There are 2 protein chains.
Amino acid sequence: MSELEARVLPEATLARLTQYLRALNALEAQGLERTSSGVLAKEAGVNPSILRKDLSWLGSYGTRGVGYVVRELAEHISRTLGLNQDWKVAILGAGNLGRALSGYAGFTSRGFNVKAILDVDPALIGEPVGALRVEPISELATVVAREEINIAVLAVPGDAAQDLVDSLADLSVRSVLSFAPKPLKVPTGMNLRRVDLSTELQILAYLAVQG
Amino acid sequence: MSELEARVLPEATLARLTQYLRALNALEAQGLERTSSGVLAKEAGVNPSILRKDLSWLGSYGTRGVGYVVRELAEHISRTLGLNQDWKVAILGAGNLGRALSGYAGFTSRGFNVKAILDVDPALIGEPVGALRVEPISELATVVAREEINIAVLAVPGDAAQDLVDSLADLSVRSVLSFAPKPLKVPTGMNLRRVDLSTELQILAYLAVQG
DNA sequence: CCGTGTGAACTACTTCACAGCC
DNA sequence: GGCTGTGAAGTAGTTCACACGG
């Protein structure tokens, strides 16, 4: 393949683009067809400068002196983020958190489909979770192949997480969202994002003491 | 001399300190009494330089040529983060996510006690969740006072979140962890952190398309 | 005129490299 | 000798301010 220049979006821009997308949807729901960086930035909770700078990474989609066409801009951001395609998600770990995530609205919307939920615990295997049934984690390879999983969500204890990441890497699952409270090593080419709930609470504790 | 006496830890440092704390606990569990920035940094998944720089914000607690005393450093970080005191957490929203969070191990450890779970839905009120029962959100003020709540976790739909933040502010709850997929306005003096699960998935989708 | 798009200035954070001390 | 602690250098991200074009 011909090498395109590695023009990857900065991490921070990427995170905000998802917020603009939601903000645009909110504006569209209000019946607005056009908007400006000021209005959109307010809705997304950022300042207008950074919004315009972020959008400049995608090219020029506004009109000077006027603003942006809501639907057009939303469509463009969606395409850039890869949300025009279908994402098939497997949840690893059918404990409280895993089960809650499988039904979470944010996970089932916008092209993300939870296709499977797996666990090691024999007591959980076969149990219904929404429209799915818990499958044994020993069948991971089979499930990933059958459902064409491309995103995995790790809702397992810290000790189990690294082994699963390694297995997923072998199965060419290249995107993982981990809730395990441990740093994980990932092979190059795999994308990992962590959500660490107890870290968030600890940060709040510090801020509360400060303030 | 700087104008302000109280120099606050950088946000990024703060987040890593919580990781060092976990890493130190892991080392202590292995029976180690002393460690070095190299070992600790590896366990925490960061590089040694930034670790030493982070610790320098807390003052000098290592010994040149030797390293750090595990328990001493852990104790010091804990104190800095305000983890020597008791934190009383209320969970707002008793849906799948709220119920899962109330039992989440990371939430119940290290001084964080889930004292109450509340919801608007009459069908849920009175239902048992672990050792608690769901209480009506109309009783928020009473519950906050009774349990001396100082941290609230928002696990409600986006539309309800802002009103709850405002109510919490009136009740002097100064720290909020929100799972609502919306930017929220907070009064000065209130600390808000957001965990946005669908944003995380969207970022992964983009990264997967890129790679 | 008005709001976008963007270089330039600024701020925050990370890494380097080595002086300082045990 | 070896590892900490820290200025200095480097990098990433944000805000400013204004030229540009509908």
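Numbered from 1 within each chain, the chains take letters A, B, ... in sequence-line order. None of these values were measured; they are calculated from a predicted model.
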Lys/Arg-Asp/Glu bridge criterion (N-O < 4.0 Å) met for [X], [Y]:
| X | Y | result |
| --- | --- | --- |
| E147(B) | K88(B) | no |
| D196(A) | K182(A) | no |
| R71(B) | E75(B) | no |
| R193(B) | E11(B) | yes |
| R146(B) | E135(B) | yes |

[X] [atom1] to [N] [atom2], straight-line distance once rounded to whole Å:
| X | N | atom1 | atom2 | answer |
| --- | --- | --- | --- | --- |
| L14(A) | dA12(D) | CG | P | 16 Å |
| W57(A) | dA12(D) | CH2 | P | 10 Å |
| D54(A) | dT6(C) | CG | C1' | 13 Å |
| K53(B) | dA8(D) | NZ | P | 10 Å |
| N47(B) | dC13(C) | CG | P | 16 Å |
| L73(B) | dT4(D) | CG | C1' | 12 Å |
| R52(B) | dC21(C) | CZ | P | 16 Å |
| L55(B) | dT14(C) | CG | P | 14 Å |

**5' precedence on DNA chain D between S56(B) and V66(A) (nearest-nucleotide basis)** = S56(B)
**Asked** Looking for any heavy atom pair under 4.0 Å, which part of the strands does R16(A) touch: base, sugar-phosphate only, or nothing?
**Response** sugar-phosphate
Between [X] and [N], is there a side-chain N or O to OP1/OP2 distance below 4.0 Å?
| X | N | answer |
| --- | --- | --- |
| T63(B) | dT4(D) | no |
| Y68(A) | dG5(C) | yes |
| S37(A) | dG3(C) | no |

**Message:** Is it the case that the base of dG5(D) and the side chain of R64(B) share a donor-acceptor contact (distance under 3.5 Å, atom types as modelled)?
**Reply:** no
**Prompt:** When you measure from the side chain of S49(A), which nucleotide among dA17(D), dG7(C), dT14(D) comes out closest?
**Reply:** dA17(D)
